[in-house]
Amino acid sequence: MLPPETAVWNFVETIARDVFRAYNFQEIRTPIFENTELFARGVGEETDIVAKEMYTWEDRSRAASEKGQSLTLRPEATAGIVRAYIEHKLGDRGLNKLYCIGPMFRRERPQKGRYRQFYQIDAEVIGPASAGSDSPARDAEVLEMLSTLLDRLGISEWNLQLNSVGCPNDRAAFNEALRKALDPVKDKMCADCQRRAVTNPLRVFDCKVAEDQPIIETLPRISQFLDEGCRQHFAAVQAILTKVGVPFTLNDRLVRGLDYYTRTAFEFTHGALGAQNAILGGGRYDGLSEALGGPPAPGIGFAIGEDRLVMSLQEKASDEKVLRKPDAYIAPMAGMNADAARLARELRRQDLIIELGDDSFRLKKSFEAASKTGAKYILIVGDNEIQADAFALKNLASGEQVSVPRAQLAQRIRGR
Ligand code: AMP
């Protein structure tokens, strides 16, 4: 990742941090690698991630207790965050809203919008049910926060797809019905679906193969299997979203690839991104903490694909507010490096972006160097200027030049 694109990454992360703060989320940084077992249990043995996409190796540590331990580069953030929640008893400290920004690793076939090292912006609400973490109000709050984040980033063409995947009981009945429905037709489906039909029939809904779609259309849907509690929970989420004005589309084919999801599942897609059009996905995972050996702690969270978000914001790479080119280039005349350094220090401490030239440059070379940086002004530092304590300030675009007293420079450069 190179400039100027890295400026867009910073723009995205700054806004994300601001928005998270407004909803009282705090940052957590989890390790880049953890015990393989954490991801196997937290993400699910039968998921594609665990079955074929993890970067896993055996530790060569000399300590007998660690030798041969299986380690894995994190393929997603939720398992690590819930591990930390349990290990550090974050619930007891009232730390229920956490976010994490960083790289994830999956061995997928690389293509546009799909990489082996990619970045996620992840946030989770987790805690004891007594703190209300299982409430539909949390689901709606998280979704409303996402719509605010996308709006703040200037992404308008988003579409929120919403579903409920029910509780484990609903899922068991649904899986049973799916298996029954798939049995007579699975031989006509793609190889992946034939495997899914046996191991994890729910995943059939992820299939993108065109020929399989007419068959998939006829399959039973999870919406027909929700129990009363799940139905009410889902209705409450929708009612709040409608009230606060966040548009959504119900999509009962949306099942999400990870085993630990319960109830609300969602995905935001973006029109302009092509085949890999999901910019973020998430949902509720009420049983995950217990599956990892922790206390009951319902949760809901999401992961934004930052690479894809940045891709949809390409135009920002030429936005001056995002790029922030130097405000001024200081060009010292022969022997004036020290005075120029002092002036640069003063201006930088007033929050201006300053590029500092070198007194070995002729004036012509300084002008060329200044234009290359994209600086708005060139500021010349010579004997006369130091004597007068006023500096020649030239606007590189208009060519206009004025002499400005030292004390007024910062204001003048800011254009005030
Ligand atoms: P997931 O953790 O699979 O639910 O993915 C959440 C989001 O991360 C997706 O909506 C994508 O935007 C992004 N994502 C997932 N896998 C990749 C990848 N290999 N490369 C780039 N982005 C990805």
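Model, not experiment: these values are computed from the prediction. For ligands, and for the atoms within them, numbers begin at 1 and follow the listed sequence.
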Just say parallel, tilted or perpendicular for the rings of Tyr55 and Phe105, cut-offs at 30° and 60°. perpendicular
Logged contact type for Ile279 with ligand 1, heavy-atom cut-off 4.0 Å, is backbone
Among Gly282, Ala303, Gly283, Ala77, closest by heavy atom to atom 7 (C) of ligand 1 is Ala303
For atom CZ of Arg324, decide whether the heavy atoms of other residues, nucleotides or ligands shown that lie under 6.0 angstrom number more than 12. no
Per-atom filter on ligand 1: closer than 4.0 angstrom to a heavy atom of Leu280 are 10 (O)
Practice item. Decide yes or no for Lys394 and Tyr377: does some side-chain heavy atom of the first lie under 4.5 Å from some side-chain heavy atom of the second? Key: no
Logged contact type for Arg308 with ligand 1, heavy-atom cut-off 4.0 Å, is side chain
Counting heavy atoms under 4.0 Å, the part of Arg106 that contacts ligand 1 is side chain
Between Asn277 and Thr269, is any side-chain donor less than 3.5 angstrom from a side-chain acceptor?
no
Carboxylate-amine/guanidinium proximity below 4.0 Å for Asp192 and Arg195
yes
Sub-3.5 Å N/O-N/O distance, Glu76 and ligand 1
no
Lys/Arg-Asp/Glu bridge criterion (N-O < 4.0 Å) met for Arg29, Glu27: yes
So for Gln120 against ligand 1, with non-hydrogen atoms under 4.0 Å, the contacting part is side chain
